[in-house]
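What follows is a single structure, written as structure tokens, with notes after it.
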Amino acid sequence: KPMYQEDINRHGHDFFELVYVVGGRATHHLEQERMTLLAGDYFIIDTGTEHCYRDTEDFEIINCLFMPEYIDRALTDCPTLAALLSNQVLRFGVPMTVQAADRIYRDTDGTVGRLMSAMVGEFEKHRVGYMELLRCHLTQALVCALRAGEQLEKPLHPAVTTAIEHLKKNYAQPLSLDGLAGAVGYTPSYLSGLFAEQTGMSIRTFLQHLRIEQACRLLEQTDGSVSQIAQQVGYGDPKHFTVIFRRIKGKAPRDYRAGR
């Protein structure tokens, strides 16, 4: 089930670890890289990879630890996630060169989050056949990561990486394309086109999803009013916030809270 994770020392393990960020924030140190983690981010830590969390703030995650044989008994000797995904047993047809592990992905449509919640529900209730359903949901999550990994085979331009980090750290502040471009060191038109080309969405859309995911966390975990939460995630106008929230989540903020 979701748990609050505090700072933890750098470590590795001999199993795979699928992590989904439910809320809060942290700095994730993965080998030589460091990234800001926010709600809606997910990743798979490969066997032997060292990582740690720093600067955690109400950092809540769902952890799924698994061995390759849990997916299929014939996969017992798979040493890495790449080997597991490329194995003929799974029939994914994935070349060994596709790297799905040790990358941070963004759950833009909520698919992986729903899969993780379903896994938690099955594990807690222990109903007949729950182990098979857990395996099915885990396999679906792996496919999502695999598809996301394919999209990232072409490394992000440093300007896009820097822009994403800037947006994650400052989403609650007033932001503009000119300001972001200045922080990154490129012209607004170049950065805007490059960002859309490499992420599949505009900077505005990315920022809206980022803010709304944080708003969802606050609606679930606090008693703040819609107006207060709108302010906390960067929207000065509650009506505009509600319009964006409804567009992304399919319901108004109050209805979202009531359904939780």
Side-chain angles (χ1 to χ4, degrees), residues 1-8 11-26 28 30 37-49 51-53 56 58-81 83-85 87 89-92 100-149 213-214 216-222 249 256-260:
K1 64 181 180 179
M3 67 176 193
Y4 284 97
Q5 175 69 63
E6 298 181 348
D7 287 14
I8 188 171
H11 65 284
H13 25 64
D14 58 359
F15 48 79
F16 302 117
E17 180 180 6
L18 170 60
V19 181
Y20 189 89
V21 182
V22 177
R25 66 189 300 153
H28 189 223
L30 182 64
L37 296 177
L38 296 172
D41 289 338
Y42 69 99
F43 51 94
I44 305 171
I45 302 298
D46 212 344
T47 55
T49 297
H51 74 121
C52 65
Y53 301 116
T56 55
D58 298 324
F59 187 51
E60 188 177 9
I61 61 176
I62 298 175
N63 248 4
C64 177
L65 314 179
F66 64 98
M67 301 293 288
E69 56 264 33
Y70 181 68
I71 303 297
D72 192 289
R73 292 179 181 177
L75 302 176
T76 301
D77 296 324
C78 284
T80 64
L81 185 67
L84 184 149
L85 294 176
N87 197 287
V89 171
L90 293 181
R91 302 184 182 278
F92 285 167
D102 303 338
R103 286 175 166 176
I104 311 299
Y105 303 114
R106 187 80 191 150
D107 186 23
T108 53
D109 62 1
T111 297
V112 177
R114 288 189 290 273
L115 288 170
M116 298 298 285
S117 294
M119 291 170 67
V120 170
E122 289 295 333
F123 184 78
E124 289 181 340
K125 294 177 182 177
H126 277 58
R127 297 175 63 185
V128 174
Y130 80 96
M131 290 294 287
E132 285 304 317
L133 284 179
L134 280 174
R135 192 185 341 268
C136 290
H137 294 323
L138 174 57
T139 302
Q140 285 179 277
L142 291 176
V143 171
C144 289
L146 174 60
R147 290 175 175 177
E213 287 301 323
Q214 298 309 305
C216 288
R217 177 179 66 84
L218 293 171
L219 286 166
E220 294 171 12
Q221 300 178 2
T222 74
K249 291 299 181 180
Y256 179 90
R257 172 179 272 168
R260 288 298 179 177

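Excluded from the calculations below are hydrogen atoms, water molecules and symmetry mates; all remaining heavy atoms, backbone and side chain alike, are included.
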Considering all heavy atoms of both residues, which atom of [X] and which atom of [Y] are nearest to each other, and what is their separation?
X	Y	result
L219	R257	O-NE, 3.0 Å
G23	R217	CA-CD, 3.0 Å
V112	C144	CG2-CB, 3.7 Å
Y105	A148	CD2-CB, 3.4 Å
F66	F15	O-CB, 3.7 Å
R106	G40	NH1-C, 3.6 Å

Practice prompt. Return the orientation label for the H51 and F43 ring planes: parallel under 30°, perpendicular over 60°, tilted otherwise.
Written response: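 Ring orientation, 0 to 90° scale: perpendicular.
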
Practice prompt. Give the ring-plane orientation class for F123 versus Y130, where under 30° counts as parallel, over 60° as perpendicular and anything between as tilted.
Written response: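 Perpendicular, since the angle between the ring planes exceeds 60°.
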
Which value, rounded to the nearest 0.5 Å, describes the distance between [X] atom [atom1] and [Y] atom [atom2]?
X	Y	atom1	atom2	value
E17	I61	CD	CD1	6.5 Å
L65	I45	CG	CD1	11.0 Å
D107	E213	CG	CD	7.0 Å
N63	Y20	CG	OH	14.0 Å
L115	T139	CG	OG1	10.0 Å
F16	T49	CZ	OG1	9.5 Å

Are [X] and [Y] close enough that some pair of their side-chain heavy atoms sits under 4.5 Å apart?
X	Y	answer
L38	V21	no
H28	Y53	yes
I71	L142	yes

Item to complete: Considering only NZ, NE, NH1 and NH2 on the basic side and carboxylate oxygens on the acidic side, decide whether E132 and R135 come within less than 4.0 Å.
Response: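 A salt bridge is present here (some side-chain N lies under 4.0 Å from a carboxylate O).
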
Item to complete: Identify, with sequence neighbours excluded, every residue that meets side-chain contact (heavy atoms from CB on, under 4.5 Å) alongside C136.
Response: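 Result, side-chain contact (heavy atoms from CB on, under 4.5 Å) vs C136: none returned.
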
Fill in: Check: D102 side chain, D46 main-chain N or O, donor-acceptor pair, under 3.5 Å
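Judged by distance alone, yes, a pair lies under 3.5 Å.
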
Worksheet item: Is the backbone N or O of L218 less than 3.5 Å from a side-chain atom of T222, with the two atoms forming a donor-acceptor pair by type?
Response: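 Looks like yes, one N/O pair under 3.5 Å.
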
Worksheet item: Do you see a donor-acceptor pair shorter than 3.5 Å between the side chains of D7 and T56?
Response: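 Side-chain D/A pair, D7 to T56: present.
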
Practice prompt. Under the side chain to side chain contact (heavy atoms under 4.5 Å, CB included) rule, what do I44 and L18 come out as? Steps first, then yes or no, please.
Written response: CA-CA 4 Å; I44 305 171; L18 170 60; 3.7 Å; yes

